[in-house]
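Take a look at the structure below.
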Amino acid sequence: MDSTTTAAGTLSPFAKDLHLGNSLSREKERFEPYNPPYVGMYVCGPTVYSNVHLGNVRTFLTFDVVYRYLIHLGYKVRYVRNITDVGHLTGDTDDGEDKIGKKARLENLEPMEVVQRYTNDFHDVMRVFRILPPSIEPTATGHIVEQIAMIEKIIENGFAYEANGSVYFDVRKFAESHHYGELSGRKIDELQNQTRALDGQDEKRDPLDFALWKKADASHLMHWPSPWSEGFPGWHLECSVMSTKYLGRTFDIHGGGMDLKFPHHECEIAQNMGAHGPEQPVRYWLHGNMLTVNGRKMSKSEGNGFTPEELITGNHKLLEKGYSPMTVRFFMLQGHYAGTLDFSNPALQAAEKGLERLMGAWGLLADLKPCESGEAAPDLAALRARAYAAMNDDFNTPVLIAVLYDAVKVVNSVAAGRMVLNAEGIDTLRALFSDFAADILGLEQEVAGGAGDGDRTDGLMEVICTLRSEAKANKDWATADLIRDRLTELGVQIKDGKDGTSWTFD
RNA sequence: GGUCUGGUGGCCGAGUGGCUAGGCUCAGCUCUGCAAAAGCUGCUACAGCGGUUCGAAUCCGCUCCAGACCUCCA
């Protein structure tokens, strides 16, 4: 699925009803792109100094669904998600050292080796969870020149100053003519007392000021020449630079995790306005909420984060068993992105069972036989309208999933011969699953082992089921049950239906 | 201390001024050789206290509780 395959330039009639929860206004607003049918979307990507955990995955999944839905509606979306490969100060030591650089020294690796390793890991994880790659995935180190240019502009406009080779954003000065703190609801005077002593604090005119450029000391492995010093860019700057470069000074959607709202996103706005003028750079700010574990935020520092590998294998002290990536994807989509979601074994198991039922019905859909004489079928068009209504209501995936379960009941009833549908009805159901379950939610059947050998497996199973049916016909229950029990042990479920026996893999 | 979010049935999790969320679990029923699957039914829900209203879980106020952010974090 990509934007070029959508109907040429035609927007779905449902597109006009899309509403987004805008963090900036704190209200649900109707989505009106700046320049339809084009949509620009920027999402803060990972800092590649360690493996991503599930909390990170949740955010990228959230915006994956946003991306998929916008494309489905017919928008031409340019989705930019950056890779932060330089620029974040370390928090625990307060020495202002670059995270990537620090990690590199510890492991005796080149900084870019670290970056590459964890970028690869990140991409692997995205693939496992079926999260689509963005249109552009720019890196901070690839945009040093642009970052320097933006700093120069901000200085030129009087909102930044140089001190001892470093450059700081002048928050007080900016706040005289702009609303600093609008996004996060923070008031500048209250922030004043809260900042604690960071490196270079003495160079700042005000504790609130944040770094645009930092002079590198001898311990730094990553540094670049600039008009001010040999150094590195501040950690808010890259997103301002790259969003502007690829999406323009005004663009539609900016996404990221809730924890980036302040200071990161607030600083981004200040930088954009400081460089380009007073217009809001972003029309709709979307913030995904945190994934919690036993009520606590999952984070690197808490040590309560699962890596995807631990999750799949179940090899973690908080996990009772392993869960497939699709189960986790489905689990996350059963909650709304703007609310916290608690990760627990019972919840995962519920999602696993629920997904199985959904997928089971979806599988049956392929073989459903139409019946033209069918009596009044359920109103399947209404089902589709409800699906759109759910997504249009700020991407309400849990409600969409509830709609899909209504479809599951119809499918199962038809498959069991309790209900009949004409061809049109079946097509409507198929389109519903194909559009909403597959394209928009990104759910797909997980193939069990032995992939690529499907025909032979089918043939073998057919033989086995035939033998068992004969045993049943002869009332040879012992043989029939033996076959079933042995298959169950092997992870093959036997289901006796009215029209014969079907089977599924675990 | 400041800013903000949330407290929904056994569990997870939507939603809303009056109309079934949904999933999972559990119990019963239908179907079935049995089981599984599937379908149906049920499992007394909206933190507490006030207020507004014909009517509030949904709006307002207060209280309690939890979490996030204020410092790197999706």
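Owing to the predicted nature of the structure, the values given are computational and were not obtained by experimental measurement.
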**Prompt:** Using a cut-off of less than 4.0 Å, is there contact between a side-chain N or O of A/N289 and OP1 or OP2 of B/A74?
**Reply:** no
Write out a two-atom table: protein N or O, nucleotide N or O from nucleotides 65-67 of chain B, distance below 3.5 Å.
unit_1	atom_1	unit_2	atom_2	d
B/G67	OP1	A/R296	NH2	2.9

**Prompt:** Under 4.0 Å between a side-chain N or O of A/N412 and OP1 or OP2 of B/A38?
**Reply:** no
**Message:** Any base atoms under 4.0 Å from A/H287, or only sugar-phosphate, or nothing? Heavy atoms, all strands.
**Reply:** nothing
**Message:** Before you tell me yes or no, could you show the steps for A/Y49 and A/D85 under side chain to side chain donor-acceptor pair (under 3.5 Å), namely the whole-Å CA-CA distance, both residues' side-chain angles and the distance that decides it to 0.1 Å?
**Reply:** CA-CA 8 Å; A/Y49 65 91; A/D85 54 355; over 6 Å; no
**Message:** For A/F343 and A/F331, I'd like to know if the aromatic rings sit close, meaning centre-to-centre distance below 6.0 Å.
**Reply:** yes
**Request:** Return each pair, listed once, that meets salt bridge (Lys or Arg N to Asp or Glu O under 4.0 Å) where at least one residue sits in residues 47-59 of chain A; pairs must be two or more places apart or across chains.
**Result:** none
**Asked** Hey, does A/K475 reach any base, or is it just sugar-phosphate, or nothing, if we go heavy atoms under 4.0 Å?
**Response** nothing
**Prompt:** For atom P, what is the distance between B/U58 and B/C24, given to the nearest Å?
**Reply:** 29 Å
**Message:** Both A/T59 and A/K353 contact RNA chain B. Taking the nearest nucleotide for each, which residue is further toward the 5' end?
**Reply:** A/K353
**Message:** Give the residues of residues 322-337 of chain A touching RNA chain B, defined as any heavy atom closer than 4.0 Å, sorted by residue number.
**Reply:** A/Q334, A/G335, A/H336
**Asked** Counting any heavy atom closer than 4.0 Å, what does A/G45 reach on the DNA or RNA strands: base, sugar-phosphate only, or nothing?
**Response** sugar-phosphate
**Rounded C1' spacing from B/C26 to B/C12 in Å** = 16 Å
**Prompt:** Are A/R357 and B/C24 close enough that a side-chain N or O sits under 4.0 Å from OP1 or OP2?
**Reply:** yes
**Item:** Per A/R418 side chain, nearest of listed nucleotides B/G15, B/C70, B/A38
**Value:** B/A38
**Message:** Base of B/C4, side chain of A/R186 - is there a donor-acceptor contact under 3.5 Å?
**Reply:** no
**Message:** Assess, by modelled atom type and distance only, whether the side chains of A/N289 and A/T340 contain a donor and an acceptor separated by less than 3.5 Å.
**Reply:** no
**Request:** Have a look at A/G185 and say if it touches a base, only the backbone sugar-phosphate, or nothing, with a 4.0 Å heavy-atom cut-off.
**Result:** sugar-phosphate
Just distance, no hydrogens or angles: give the donor-acceptor pairs under 3.5 Å from side chains in residues 350-358 of chain A, sequence neighbours left out.
unit_1	atom_1	unit_2	atom_2	d
A/E352	OE1	A/K321	NZ	2.6
A/E352	OE2	A/K321	NZ	2.9

**Prompt:** Of the nucleotides B/A74, B/A38, B/A14, which one has an atom closest to the side chain of A/H53?
**Reply:** B/A74
**Asked** Looking for any heavy atom pair under 4.0 Å, which part of the strands does A/L341 touch: base, sugar-phosphate only, or nothing?
**Response** sugar-phosphate
**Message:** What verdict does the ring-ring contact (aromatic ring centres under 6.0 Å, His included) test give for A/Y284 and A/H254, after you've listed the backbone C-alpha separation in whole Å, the side-chain angles of each residue and the deciding distance to 0.1 Å?
**Reply:** CA-CA 6 Å; A/Y284 305 91; A/H254 190 128; over 10 Å; no
**Request:** Go through the steps for A/K297 and A/D259 under the test salt bridge (charged side-chain N to carboxylate O under 4.0 Å, His left out), then give the verdict.
**Result:** CA-CA 10 Å; A/K297 175 187 172 185; A/D259 47 357; 3.5 Å; yes
**Complete:** With sequence neighbours left out, the residues meeting salt bridge (charged side-chain N to carboxylate O under 4.0 Å, His left out) with A/E444 are A/R130
**Request:** For B/C64 and B/U71, measure between their P atoms and round to the nearest Å.
**Result:** 27 Å
**Message:** List the residues meeting salt bridge (charged side-chain N to carboxylate O under 4.0 Å, His left out) with A/E137, not counting sequence neighbours, and say none if there are none.
**Reply:** A/R81
**Message:** What contact category does A/K261 fall into here, base, sugar-phosphate, or nothing, at under 4.0 angstrom with non-hydrogen atoms?
**Reply:** nothing
**Message:** Would the distance check show the side chain of A/Q334 and the main-chain N or O of A/P398 forming a donor-acceptor pair, the cut-off being under 3.5 Å?
**Reply:** no
**Asked** Taking the same atom, C1', in B/U63 and in B/A27, what whole-Å distance lies between them?
**Response** 39 Å
**Request:** Report the residues that fulfil side chain to side chain contact (heavy atoms under 4.5 Å, CB included) with A/A338, sequence neighbours left out, ordered by chain and then residue number.
**Result:** A/H336
**Asked** Given the C1' atoms of B/C19 and B/A56, what is the spacing between them in whole Å?
**Response** 15 Å
**Request:** Just compare B/C70, B/A74, B/A14 and give me whichever is closest to any side-chain atom of A/F262.
**Result:** B/C70
**Request:** Enumerate the residue pairs fulfilling salt bridge (Lys or Arg N to Asp or Glu O under 4.0 Å) with a member in residues 326-347 of chain A, sequence neighbours excluded, ordered by first and then second residue.
**Result:** A/D64-A/R329
**Asked** When the nearest nucleotide of RNA chain B is assigned to A/P398 and to A/D342 on a heavy-atom basis, which residue is associated with the more 5' position?
**Response** A/D342
**Request:** Quote, to the nearest angstrom, the C1' distance that separates B/C54 from B/G13.
**Result:** 33 Å
**Request:** Flag the pair A/F436 / A/Y388 as yes when their ring centroid distance falls below 6.0 Å, and as no otherwise.
**Result:** yes
**Fill in**
For A/D17, the salt bridge (charged side-chain N to carboxylate O under 4.0 Å, His left out) test, sequence neighbours excluded, returns none
**Message:** Counting only heavy atoms and a strict 4.0 angstrom limit, can you tell me which residues of residues 401-408 of chain A come near RNA chain B?
**Reply:** A/A402, A/Y405
**Asked** Which whole number of Å gives the distance between the P atom of B/G17 and that of B/G10?
**Response** 26 Å
**Item:** Ring centroid separation A/F122 to A/F60 under 6.0 Å
**Value:** yes
**Complete:** Hits for salt bridge (charged side-chain N to carboxylate O under 4.0 Å, His left out) against A/D393, two or more places apart or cross-chain, chain-then-number order -> A/K28
**Item:** Minimum-distance nucleotide (side-chain atoms of A/P346 versus B/G23, B/A74, B/C11)
**Value:** B/C11
**Asked** In dot-bracket notation, what is the pairing pattern of RNA chain B, taking Watson-Crick (N1-N3 plus N6-O4 or O6-N4) and G-U wobble (N1-O2 and O6-N3) contacts under 3.5 Å, with [ ] crossing and | for other strands?
**Response** (((((((..(((.....[...))).(((((.......)))))....(((((..]....))))))))))))....
**Message:** Please give the distance between the P atoms of B/A14 and B/C49 as a whole number of Å.
**Reply:** 25 Å
